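What follows is a short report on a single structure.
All values below were derived from every heavy atom in this structure, side-chain atoms included, with hydrogens, water molecules and symmetry-related copies excluded. Predicted, not measured: the structure shown is a model, and the values here were computed from it. Position 1 is the first residue of the sequence, and the numbers go up from there.
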Amino acid sequence: MAETLRRVLNQGGSAESGEEYTAEAGPPLLLLGGPGSGKTALLFAAALEAAGEGRGPVLFLTRRPLQSLPRGTGAALDPLRLQKIRFQYPPSTHELLQLLCSAHEALGPAPSLLLLDGLEEYLVEDSQEAAYLAALLLDTAAHFSHRTGPGQGCGLIVALQIQEEEESGDGLQLSLLQRYFPAQCWLQVDAPGPGQRGLRACLDSGGLSPRAEWWVAFRPDGEMTITPWPTQSGNPNSDKGSSSGGQP
């Protein structure tokens, strides 16, 4: 599952800004989905995978502490992996900006992965502040990449909650963020059969590789499995949302 998870959340390539990202780090990724679409679960799974790769620690930013941890996998119960995940809980946009700015002066090993859950909780109506926050996240990840050295790099995944019917202000903010995060993964709750619970994950890597889709299922014990979307080749909706940044 580790290799597939990296394919879903961590595509290799270079950003349009000219900054290079290693195959390990991949380009910055915007994780999009409605309430309850599994964004936090995927972020934490990515954190566990990165923590087990023998590289630097993982920095996980979120406004509120996680209520529970994924169950049913050895990785979720491995104390060595959990110790490598550094949780920070900036309560406001101001504190988040301060934390990112001070990260350039922090001592110790540079993170191999930077995660931000709930970006919408830090966004306000001012689009300029949203642009500044997005740029600062990219700059912080690039700084960590320089510190980790050649062939390593620091990945960046940011989760944003979106509504089915967006207000005009939300739509403008999303369009702005998509300029900073050309690689996007859209999540949609899907139940293909009775008793099945899972997500459809649609990844648009911003032209670095073909668009791809996966089925993310959760077993009764909480374990997560990722497989190719079963109807990807013949799905009539596979191109739906091509004008909205890859939304399934």
Quick one: pull up [atom1] in [X] and [atom2] in [Y] and give me the separation to the nearest 0.5 Å.
X    : Y    : atom1 : atom2 : result
E213 : L203 : CD    : CG    : 10.0 Å
I226 : L199 : CD1   : CG    : 9.5 Å
L156 : T140 : CG    : OG1   : 8.5 Å
T40  : D117 : OG1   : CG    : 3.5 Å
W229 : W215 : CH2   : CH2   : 6.0 Å
L116 : E121 : CG    : CD    : 9.5 Å

According to side chain to side chain contact (heavy atoms under 4.5 Å, CB included), who are the partners of [X], at least two apart in sequence or on a separate chain?
X    : result
L59  : L61, R86, Q88, P111, L114, F144
A135 : Y180
K84  : A51
P35  : Q161, Q163

Which atom of [X] lies closest to which atom of [Y], heavy atoms considered:
X    : Y    : value
E120 : A159 : OE1-O, 4.1 Å
P109 : R147 : C-NH2, 4.0 Å
A201 : V216 : CB-CG2, 4.2 Å
G56  : S112 : O-OG, 3.0 Å
C154 : S145 : N-OG, 2.8 Å
A134 : L177 : CB-CD2, 3.9 Å

Subject >> Verdict with reasoning, L97 to E129, per side-chain contact (heavy atoms from CB on, under 4.5 Å) >> reply: CA-CA 10 Å; L97 294 174; E129 188 170 25; 4.2 Å; yes

For the pair [X] (side chain) and [Y] (backbone), establish whether a donor and an acceptor sit closer than 3.5 Å, ignoring hydrogens and angles.
X   : Y    : value
S37 : V189 : no
R55 : G153 : yes
T93 : Y122 : yes

Can you find a heavy atom in the side chain of [X] that is under 4.5 Å from one in the side chain of [Y]?
X    : Y    : value
C185 : L29  : yes
L136 : L96  : no
W186 : D204 : no
L82  : L48  : yes
L100 : L133 : yes

Original post:
Sequence neighbours excluded, which residues qualify as side chain to side chain donor-acceptor pair (under 3.5 Å) partners of T148?
Top reply: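 Side chain to side chain donor-acceptor pair (under 3.5 Å) list for T148, sorted by chain: empty.
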
**OP:** Carefully, step by step, assess F181 and L160 under the rule side-chain contact (heavy atoms from CB on, under 4.5 Å).
**Re:** CA-CA 12 Å; F181 295 88; L160 175 69; over 6 Å; no

**OP:** Determine, stepwise, if the pair I85 / L115 fulfils side-chain contact (heavy atoms from CB on, under 4.5 Å).
**Re:** CA-CA 10 Å; I85 304 176; L115 304 171; over 6 Å; no

**OP:** Give the C-alpha distance, both sets of side-chain angles, the deciding distance and a yes or no for side-chain contact (heavy atoms from CB on, under 4.5 Å) between Y89 and T62.
**Re:** CA-CA 5 Å; Y89 309 105; T62 179; 3.6 Å; yes

Original post:
Got a sec, which residues hit ring pair (Phe, Tyr, Trp, His ring centres under 6.0 Å) with F60, two or more places apart in sequence or on another chain?
Top reply: F87

